[in-house]
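Just below is one structure, and these are the notes that go with it.
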Amino acid sequence: MTQPEPLTPLTEDWQRALAVVAHPDDLEFGAAAAVARWTGQGKEVVYCLLTSGEAGNDGMTPERARVVREEEQRASAAVVGVSEVEFLGLPDGLLEYGVPLRRAIAAVVRRHRPDVVLTNNFRETWDGAYALNQADHIACGRATLDAVRDAGNRWIFPEQLIDGTQPWSRVREVWAAGSPAAGHGVDVTGTFDRGVASLRAHGAYLSGLGDGGFDAEEFLEGMARPAGSRLGTRFGATFEVFQINLH
């Protein structure tokens, strides 16, 4: 059997990251331990959630789920050192790639002015074969990639450039966590436990998965160990890196 290619360590000579994902818990399914590593280095990470995950609990009304899942996301973020969590309030399960979504994300990029932007895997599958990705994840990632470039062009969404807001063209890269095409990674051996605790903070959501017996540590370890072996560490997190070209 062919061995997976080694992962190239992500660069860490940056100070501010913006994470844009579709739902509460998206970052916690693999990337939160990396966020904990970075905040531990003194870096600043801001979370932007496009939806509040209000359609994710079959046994809970969307109105109630919105409140609960926002509370759980804030608590989860705090575990890994993130204090700023923003919700855009877009409809869960109905995100569509297009100009309105690009516009919304570009405004967030211009406001927070990050060095790097994180998002989730937006390939069609999780494994490069059969495990289909979810429509919101695909729309979010594609729109984020384009919105990062939009944010640097003053002639795209110029109505946002008021009250001192300026174009922001200094995003170096977009990093998509958990992509089957990932070629980069980060050692999360020292922060793996905080990543587990961050996922466990989504208790209401996790209790509705399958038979209710979901084991956060076992699930995350199943991804972190193979990633770590490709990095030469115990545990790792994988990312697909997209270089930003504004032209």
Side-chain angles (χ1 to χ4, degrees), residues 10-53 70 73-74 76-90 95 97 100-122 136-154 156-157 160-161 164-179 184 186 195 198 237-246:
L10 286 172
T11 179
E12 295 184 320
D13 62 342
W14 52 272
Q15 184 56 36
R16 186 173 176 85
L18 170 67
V20 182
V21 292
H23 317 108
D25 77 64
D26 281 353
L27 286 162
E28 287 68 48
F29 275 96
V35 172
R37 171 187 170 95
W38 295 324
T39 59
Q41 295 171 344
K43 303 182 193 304
E44 184 177 1
V45 182
V46 174
Y47 283 4
C48 175
L49 288 297
L50 300 186
T51 82
S52 297
E70 287 186 4
Q73 181 62 74
R74 290 189 181 96
S76 174
V79 171
V80 293
V82 174
S83 59
E84 190 167 356
V85 181
E86 181 175 344
F87 296 90
L88 297 192
L90 301 177
L95 293 180
Y97 172 82
L101 189 55
R102 284 168 48 196
R103 179 184 291 112
I105 299 170
V108 177
V109 173
R110 285 169 167 172
R111 186 164 62 253
H112 292 291
R113 304 166 76 82
D115 303 310
V116 296
V117 171
L118 314 177
T119 191
N120 253 13
N121 169 38
F122 54 96
D136 278 0
H137 300 156
I138 296 171
C140 171
R142 288 184 59 206
T144 297
L145 192 60
D146 288 338
V148 164
R149 291 176 290 182
D150 295 335
N153 187 332
R154 71 173 57 256
I156 297 179
F157 313 132
Q160 296 175 352
L161 304 180
T165 300
Q166 293 294 322
W168 184 249
S169 59
R170 298 183 187 176
V171 176
R172 304 180 192 176
E173 296 173 332
V174 174
W175 298 346
S179 168
H184 289 72
V186 59
S198 188
T238 63
F239 294 85
E240 183 176 4
V241 171
F242 297 87
Q243 302 286 337
I244 299 305
N245 183 344
L246 297 181

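Everything quoted here is computed from the prediction, not taken from an experiment.
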Practice task
Kindly determine whether V35 and R37 satisfy side-chain contact (heavy atoms from CB on, under 4.5 Å), including the steps that lead there.
Solution key: CA-CA 5 Å; V35 172; R37 171 187 170 95; over 6 Å; no
Identify the heavy atoms of [X] and [Y] that sit nearest to each other, and give their distance.
{"X": "V117", "Y": "P114", "answer": "CG2-CG, 3.7 Å"}
{"X": "P167", "Y": "L161", "answer": "N-CD2, 3.7 Å"}
{"X": "V85", "Y": "A77", "answer": "CG2-CB, 3.6 Å"}
{"X": "T119", "Y": "G141", "answer": "OG1-CA, 3.9 Å"}
{"X": "A237", "Y": "G30", "answer": "CB-O, 3.7 Å"}

Do [X] and [Y] meet the criterion of a side-chain donor-acceptor pair at a distance under 3.5 Å?
{"X": "E44", "Y": "Q15", "result": "no"}
{"X": "N121", "Y": "H137", "result": "no"}
{"X": "E173", "Y": "W175", "result": "yes"}
{"X": "Q73", "Y": "H23", "result": "no"}

Problem - Verdict with supporting geometry, T51 and F87, side-chain contact (heavy atoms from CB on, under 4.5 Å) - result: CA-CA 6 Å; T51 82; F87 296 90; over 6 Å; no
Would you say the side chain of [Y] lies within less than 4.5 Å of the side chain of [X], judging by non-hydrogen atoms?
{"X": "I244", "Y": "R149", "result": "yes"}
{"X": "L10", "Y": "V116", "result": "no"}
{"X": "V20", "Y": "C140", "result": "yes"}
{"X": "L18", "Y": "V108", "result": "yes"}
{"X": "L90", "Y": "L101", "result": "yes"}
{"X": "W168", "Y": "Q166", "result": "no"}

Problem - Distance (rounded to the nearest 0.5 Å) between R16 CZ and H112 NE2 - result: 6.5 Å
Handout entry: L88 and L49: CA distance, side-chain angles, deciding distance, side-chain contact (heavy atoms from CB on, under 4.5 Å) verdict
Key = CA-CA 6 Å; L88 297 192; L49 288 297; over 6 Å; no
Quick one: does any side-chain atom of [X] pair with a main-chain N or O of [Y] as donor and acceptor, under 3.5 Å?
{"X": "D115", "Y": "W14", "answer": "no"}
{"X": "D136", "Y": "L95", "answer": "yes"}
{"X": "K43", "Y": "E12", "answer": "yes"}
{"X": "T39", "Y": "V80", "answer": "yes"}
{"X": "Q160", "Y": "R103", "answer": "yes"}
{"X": "R110", "Y": "A151", "answer": "yes"}
{"X": "S76", "Y": "S198", "answer": "yes"}
{"X": "R111", "Y": "T165", "answer": "no"}

Practice task
Test R102 against every option in D146, D150, T144 by the side chain to side chain donor-acceptor pair (under 3.5 Å) rule and name the one that passes.
Solution key: D150
Practice task
Please step through side-chain contact (heavy atoms from CB on, under 4.5 Å) for the pair V82 and V46, ending with a clear verdict.
Solution key: CA-CA 6 Å; V82 174; V46 174; 5.9 Å; no
Practice task
Answer yes or no: does atom CZ of R113 have more than 12 heavy-atom neighbours from other residues, nucleotides or ligands under 6.0 Å?
Solution key: yes
Handout entry: Within 45° cone of F122 ring axis and under 6.0 Å: R142 NZ or CZ
Key = no
Exercise for the section: Hey, can you tell me if F239 and W38 have their rings parallel, tilted or perpendicular (30° and 60° cut-offs)? Expected result: tilted
